[in-house]
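Before any comments, here is the structure.
Along the sequence shown, residues carry numbers from 1. Indexing begins at 1, ligand by ligand and atom by atom, following the structure's order.
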Amino acid sequence: MSIIVSPSVLSADFANLGRDIDLLNESEAEWIHIDVMDGVFVPNISFGFPILESISKRTEKFCDVHLMIMQPEKYVHQFIKAGADNITVHYEGNWHLDSIIRMIQEQGISAGVALNPSTPVSVLKEVITLLDVVLIMSVNPGFGGQKFIANSVNKVREAKELIERSGSLARIEVDGGVGLHNAKELAEAGADILVAGNAVFGSSDPKHTISQIKNSGTK
Ligand code: DX5
Ligand code: ZN
């Protein structure tokens with residue numbers, strides 16, 4: 001089975017966003033990763049509903065929305081209206097994780113939970129069978145182009161074990177510092193979906209790079 005590549009538009013050229021989405025449309029990427037940051041949960045502000053809406057109107061790809069915001073439950077409905085096909089929220093700062101996962105799924109889309117590098121996989125034990133996606137952050141969230149934290153590979157293995165032990169159908173996504181240099185190792189550890197921002201948009205041939213990541217990650 002080959003890996004799903006989810007290019008992160010955080011690294012796209014926002015003055016040419018339509019062009020960059022068209023490029024992804026012509027590529028082997030099956031998902032598009034959309035990073036929403038509020039300047040409170042993470043030390044950066046990215047974009048919100050209008051940008052997601054413009055992207056989702058221009059693509060048939062699966063819109064994978066990663067919310068790095070406080071109180072995400074307030075905005076789930078609006079993100080779905082704007083075109084989200086999956087919403088991933090962070091474990092950190094969410095007191096009512098079970099309820100927000102159910103809230104997302106009850107509105108007809110898939111739900112994920114993201115873990116910061118310092119958060120152990122074991123915190124997901126009670127919700128793992130509910131989840132569609134487990135997102136292992138392999139950098140501290142907030143910015144594209146950071147260095148991959150090596151211990152993340154162990155966390156992917158632990159997530160895989162937890163999923164298999166519990167009979168969960170969740171897929172494992174890895175986000176941050178992912179590229180050709182670590183795609184194979186991550187796929188072997190159990191990753192199903194690889195997010196890549198800088199590796200794709202910083203490449204001289206993004207479509208080729210997407211294809212290479214996908215194929216180097218073939219399991
Ligand atoms: C970081 C974001 C990532 C980021 C990945 O907070 O969640 O999705 O765009 O970018 P790269 O692949 O450049 O590390
Ligand atoms: Zn992300």
Next item on the list: May I ask you to list the protein N, O or S atoms found at less than 2.8 Å from the Zn ion (ligand 2)?
Entry: H33 NE2, D35 OD1, H66 ND1, D175 OD2
Check: Any luck finding a side-chain donor-acceptor pair between N25 and T59 under 3.5 Å?
Finding: yes
Note to self: Suppose we screen for side-chain contact (heavy atoms from CB on, under 4.5 Å). Which residues come up paired with S99, at least two apart in sequence or across chains?
What the structure shows: H96
Next item on the list: Assess whether atom OH of Y91 is packed by more than 12 heavy atoms of other residues, nucleotides or ligands within 6.0 Å.
Entry: no
Check: Apart from V133 itself, which Ile, Leu, Val, Met, Phe, Trp or Tyr residues share its cluster (side-chain heavy atoms under 4.5 Å, direct or through members)?
Finding: I4, W31, F62, I193
Would you mind listing each N/O atom of ligand 1 next to any protein N/O under 3.5 Å, plus the distance?
{"from": "ligand 1", "atom 1": "6 (O)", "to": "G142", "atom 2": "N", "distance (Å)": "2.7"}
{"from": "ligand 1", "atom 1": "7 (O)", "to": "D35", "atom 2": "OD1", "distance (Å)": "3.0"}
{"from": "ligand 1", "atom 1": "7 (O)", "to": "H66", "atom 2": "ND1", "distance (Å)": "3.2"}
{"from": "ligand 1", "atom 1": "7 (O)", "to": "D175", "atom 2": "OD2", "distance (Å)": "2.9"}
{"from": "ligand 1", "atom 1": "8 (O)", "to": "H33", "atom 2": "NE2", "distance (Å)": "3.3"}
{"from": "ligand 1", "atom 1": "8 (O)", "to": "D35", "atom 2": "OD1", "distance (Å)": "3.1"}
{"from": "ligand 1", "atom 1": "8 (O)", "to": "D35", "atom 2": "OD2", "distance (Å)": "2.7"}
{"from": "ligand 1", "atom 1": "8 (O)", "to": "D175", "atom 2": "OD1", "distance (Å)": "2.7"}
{"from": "ligand 1", "atom 1": "8 (O)", "to": "D175", "atom 2": "OD2", "distance (Å)": "3.0"}
{"from": "ligand 1", "atom 1": "9 (O)", "to": "S8", "atom 2": "OG", "distance (Å)": "2.8"}
{"from": "ligand 1", "atom 1": "9 (O)", "to": "D35", "atom 2": "OD2", "distance (Å)": "2.9"}
{"from": "ligand 1", "atom 1": "12 (O)", "to": "G197", "atom 2": "N", "distance (Å)": "2.8"}
{"from": "ligand 1", "atom 1": "13 (O)", "to": "G145", "atom 2": "N", "distance (Å)": "2.8"}
{"from": "ligand 1", "atom 1": "13 (O)", "to": "N198", "atom 2": "N", "distance (Å)": "2.9"}
{"from": "ligand 1", "atom 1": "14 (O)", "to": "G177", "atom 2": "N", "distance (Å)": "2.8"}

Check: Ion pair present between E53 and K57, side-chain N to carboxylate O less than 4.0 angstrom?
Finding: yes
Notebook entry, point to check: Do the side chains of P72 and I100 get nearer than 4.5 Å, heavy atoms only?
Noted result: yes
Next item on the list: Kindly check if the number of other-residue, nucleotide or ligand heavy atoms within 6.0 Å of CG (L180) is above 12?
Entry: yes
Notebook entry, point to check: Which word best sums up how the rings of F49 and Y75 line up, parallel for under 30°, tilted for 30 to 60°, or perpendicular for over 60°?
Noted result: tilted
Margin query: Other residues, nucleotides and ligands only: do more than 12 of their heavy atoms fall within 6.0 Å of NE2 on H77?
Written below: no
